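Numbers here simply count residues along the sequence, with the first being 1. Here the structure is a predicted model, which is why all the values come from computation and not from measurement. Remember, it's 1-based here, ligands and their atoms both numbered in the order they're listed.
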Amino acid sequence: MKGTVHYELRDNIALMTIDNPPVNPLSSGVRQGLTDGITQALADDNVAAIVLTGAGRAFIAGADISEFGGAAEGPSLHDCLTAMDDASKPIIAAINGTAFGGGLEVALCCHYRVIAPSAPVGLPEVKLGLLPGAGGTQRLPRLIGAAKALDFILSGDPIPGPVALELGIADEVAEGDIVEAGIAFAQRIVAAGSPIRRIRDESDKLLEDRGNAELFDQARKNSARRMRKRFAPEMIIQCIEAAVNLGDFDAGMKVEGECFAQCMKHPQREALIHTFFSEREVAKIPDVPRDTPTQDIQQAGVIGCGTMGGGITMSFLNVGIPVTVLELDQEALDRGIGVIKRNYDIQVKRGRMSETEVDQRMAILTGTTQYEDLGSADVIIEAVYENIDVKVETFKKIEAIAKPGAILASNTSGLDVDKMGDATSRPESVIGLHFFSPANVMKLLEVVRGSKTSKETIATSMKLGKRLNKIAVLSGNAPGFIGNRMLAGYTRQAGEIILQGATPYQVDNALLKFGMPMGPFQMNDLVGLDLGWRARQLAGVNPEDVPITARVADKLCNMERFGQKTNRGYYIYPEGSRAGQADPEVIELVEQTSAELGITRREIADEEVLKRCLYPLINEGARILEDGIAIRPCDIDIVYINGYGFPEVTGGPMFWADQQGLDNILADIKKFQEEYGGDIWKPAPLLEKLVSEGKTFASLQS
Ligand code: 3H9
């Protein structure tokens, strides 16, 4: 059994300490230990009260989610909690650190709660496609009222100790030694002969909202907006509604049990737990052990203060790392720094940041036009024009001024990191750090290892990613890395489909319904249609050599419709709005382009749109695994969820593919190969192998 609970006597108080490193989830051994400890304390006449705490940095991180779906050993959590709730001696939770999910539910089963100021408490189950299924949906509304419980459980966000006290979740905030504070609290309770407070028996707060249908309607509306396509929020609302309207605790627990079971069976639950573990798995690199030495990053240099450079700079400033940002001339520098300041001011206006915080960030930002000023930086990231010759020249300049051992990074989105490394005499220090736009917001950081990049450089970069509050995923060095290599097929298919009969709006809507935050044409409008058009013009590509899937975009650019930046692209954007409107002129342009190319247009079903856009991701993903560019399928999932908006509730493209059945996907890919031909529909050998062996991508995980 996993985990244990230490039991000791401190005078007349039984101290139980949960020990299941690193974060004390409620694994089988912990449940057993809790049950045994309570039994022992109740049987011992010398024990007047029980104090429960956690060893290390957490109180309890929740149920052990790695146990879900498997055969459960030891006592159930419910039996364990009932024993605590029914105990004839007071139990005091001394919340030393994180109390999440089942961990907070354990604390709510205790009769009193003393909390450390820094200890976060939360019920984050909704983020895993679940609900607090150990009485949380019934006890919390009894303690803090239904409205606050709805907000707390539906957001899943943690709150610190003092806020827990304010809300009524904790009875006391204790500075210093939390165990001593818990014991002192217990002794006071015993000395005063205070009655045991069982939340299950309270109902005053519930009565305030009995029959208040408006409260639950509003919660439904809010969660439909904030948690689009999620199954768990409705289940949570039903449980709290039951707590309020049924009144009887056991009847409410029955509803909670049924709703929890529905969540457990739902594919979203499996997908979201896959995502949770994958986000942690991607940090593990087989040939770069955890104890690989890393460098301390105290100062950063960023080259270029345009959209990407500015966003990267903000990512560092936001975590307190001073940045020197370089631009070619003073005018561009002033403009770039001005944009950074304006972005922060917007945050202040929206109430997300204080003026003081902005001042603190701006105070650690230095602008320069001289490369020498980057000489003391521990990491230098170039965010110059995406062209290999420009990048190589930039790396020569960086190498001339960078201090020995500094990390020399490129923000390239797909160019050869080795070519940049070879432009220097220290390719071991050169690495790709591919941020996603807007870089200060997007969670993904693709870390690209060149063939000579050292393990120290990789380990430092992965650690830096975490410090910047990003999820860093390691990619091999091949054109487009993981994300953009896969994206190429997706956007090309979207381009083909509109020439064959769909409109850009149909394609976008089909993908929106699937759960993408925006469709491929909305994305093109956001990024700017002119990027590809300008690159083709610079390269002198003849109009007849322009790929057919870029023809419509180029025509739009010839009409100066560059996308959102000009308020027109595939969509029309009314002044000041980012919500595009369909434009009949664009449909005409698409139809005209089909005619010019001799393509007969036909009805295309949304299902075909989806398959043709999404299956190239899977097929290319399989090739990326074969080539060793991504370490595991979950690395691809995390790239796609965090960098490209692939719906989190699907678990990412590779996990989703397993759930669809790889045999079904392969059969469709073969059908598309017959119909449309081209490399894109050549089945990846790995996909064929997995199907022939009856295996899934998940089988490659270990
Ligand atoms: C629940 O409670 C349901 C109940 O309501 C009803 C039941 C009937 N289980 O994140 P870290 C592992 S649902 C198993 O890197 P940090 C994690 O995988 C649960 N393992 O550390 C990692 O393993 P490894 C509700 C868990 O300090 C290691 O611990 N609770 C669990 O950055 C360290 O994790 C949650 O949703 C778990 N519950 O952050 C809380 N939690 O080292 C989920 C962690 O092998 N957990 N692990 O990669 C968290 O939010 C963060 O892990 C926490 C620590 C904030 C606790």
Side-chain angles (χ1 to χ4, degrees), residues 2-3 18-31 34 54-70 72 74-82 95-109 118-140 149 152-153 155-160 232 235-236 239-240 253 256-265 268-270 272-285 289-290 462-463 465-467 469-472 632 634 638 701-702:
K2 196 167 154 245
I18 296 163
D19 191 1
N20 189 17
V23 291
N24 301 332
L26 292 158
S27 315
S28 51
V30 173
R31 297 193 302 271
L34 282 173
R57 67 183 197 255
F59 175 68
I60 302 172
D64 183 339
I65 48 187
S66 67
E67 282 183 357
F68 289 172
S76 78
L77 184 56
H78 281 104
D79 288 347
C80 185
L81 294 187
T82 306
I95 305 175
N96 54 305
T98 308
F100 279 2
L104 178 54
E105 291 173 294
V106 166
L108 294 178
C109 259
S118 59
V121 301
L123 292 171
E125 285 89 342
V126 69
K127 298 183 183 179
L128 300 175
L130 281 172
L131 54 85
T137 66
Q138 303 305 304
R139 287 193 179 86
L140 195 65
F152 189 70
I153 300 179
S155 83
D157 292 335
I159 52 169
M235 295 290 98
I236 290 169
C239 290
I240 300 180
M253 283 300 287
E256 186 189 90
E258 286 160 5
C259 290
F260 187 76
Q262 286 197 55
C263 290
M264 282 295 279
K265 270 190 267 160
Q268 286 188 3
R269 193 272 307 162
E270 209 185 328
L272 289 165
I273 287 184
H274 162 77
T275 307
F276 175 86
F277 283 120
S278 300
E279 280 181 359
R280 282 142 185 91
E281 190 69 13
V282 295
K284 297 167 192 161
I285 303 164
R290 272 187 192 210
M462 297 296 288
K463 196 168 147 197
K466 193 162 184 196
R467 198 165 151 207
N469 294 320
K470 309 274 176 209
I471 300 179
R632 298 147 290 227
C634 74
I638 293 304
Q701 273 304 135
S702 55

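- The nearest pair of heavy atoms linking Asn20 to Pro25 is ND2-O, 2.9 Å.
- Comparing Arg280, Glu281, Arg57, Glu256 against atom 17 (C) of ligand 1, the shortest heavy-atom distance belongs to Arg280.
- Close to ligand 1: Pro124, with a non-hydrogen atom less than 4.0 angstrom away.
- Here the protein heavy atom with the shortest distance to atom 4 (C) of ligand 1 is Glu105 OE1, 3.4 Å.
- Taking 4.5 Å as the limit, some side-chain heavy atom of Leu130 sits within range of a side-chain heavy atom of Phe260.
- Scanning the protein for heavy atoms near atom 36 (O) of ligand 1, the closest one is Leu128 CD1, 3.3 Å.
- Side-chain contact check for Glu270 versus Phe68: every heavy-atom pair is 4.5 Å or farther apart.
- Within the 4.0 angstrom cut-off, atom 23 (O) of ligand 1 has no protein heavy-atom neighbours.
- The N/O atoms of Gly133, backbone and side chain alike, include one that comes under 3.5 Å of an N/O atom in ligand 1.
- Looking at atom 45 (O) of ligand 1, its nearest protein heavy atom turns out to be Lys284 NZ, 3.3 Å.
- At a heavy-atom distance under 4.0 Å, only side-chain atoms of Pro22, from C-beta outward, approach ligand 1.
- Of the polar atoms of Gly101, none of the N or O atoms is found under 3.5 Å from an N or O of ligand 1, judged by distance alone.
- Here the closest non-hydrogen pair linking Lys127 and Asp157 is NZ-OD1, 2.8 Å.
- A distance of 12.5 Å separates CE in Met235 from CD1 in Ile240, rounded to the nearest 0.5 Å.
- If you look at Leu26 next to ligand 1, there are no close heavy atoms at all, none under 4.0 Å.
- A salt bridge does not link Asp64 with Arg31: none of the charged nitrogens is closer than 4.0 Å to a carboxylate oxygen.
- Contact between Asn24 and Ile60 at its shortest, heavy atoms only, is O-CG2, 3.2 Å.
- Between Val23 and Thr98 the shortest side-chain heavy-atom distance does not fall below 4.5 Å.
- At under 3.5 Å, not a single nitrogen or oxygen of Phe276, backbone or side chain, sits near a nitrogen or oxygen of ligand 1.
- Remark: Lys284 NZ is packed, more than 12 non-hydrogen atoms of other residues, nucleotides or ligands lying under 6.0 Å away.
- Closest heavy-atom approach to atom 38 (N) of ligand 1 among the candidates Gly97, Gly62, Ala63: Ala63.
- A pairwise comparison of heavy atoms in Lys2 and Ser27 identifies O-CB, 3.2 Å as the closest pair.
- Taking every heavy atom of both residues into account, Phe152 and Val121 meet most closely at CZ-O, 3.8 Å.
- The closest side-chain heavy-atom distance from Ile18 to Leu34 is below 4.5 Å.
- If you check which protein heavy atom lies closest to atom 14 (C) of ligand 1, you get Asp64 OD1, 3.2 Å.
- Nearest approach of Asn96 to Phe59, heavy atoms of both residues: OD1-CA, 3.3 Å.
- The protein heavy-atom contact nearest to atom 30 (N) of ligand 1 is Ala61 O, 2.9 Å.
- Residue-to-ligand polar distances place Gly102 within reach of ligand 1: an N/O pair is separated by less than 3.5 Å.
- Nearest non-hydrogen protein atom to atom 18 (O) of ligand 1 is Phe277 CE2, 3.5 Å.
- Numbered from 1 in the order shown, with element, the atoms of ligand 1 that lie under 4.0 Å from a heavy atom of Val23 read 29 (O), 41 (N), 44 (C), 47 (N), 54 (C).
- For ligand 1, the polar-atom distance check finds an N/O of Glu125 within less than 3.5 Å of one of the ligand's N/O atoms.
- Looking at atom 55 (C) of ligand 1, its nearest protein heavy atom turns out to be Phe100 CE2, 3.7 Å.
- Close approach of ligand 1 to Pro132 is summarised as follows: ligand atoms under 4.0 Å from at least one heavy atom of the residue are 5 (O).
- Looking only at heavy atoms of the protein, atom 8 (C) of ligand 1 is closest to Phe260 CZ, 3.9 Å.
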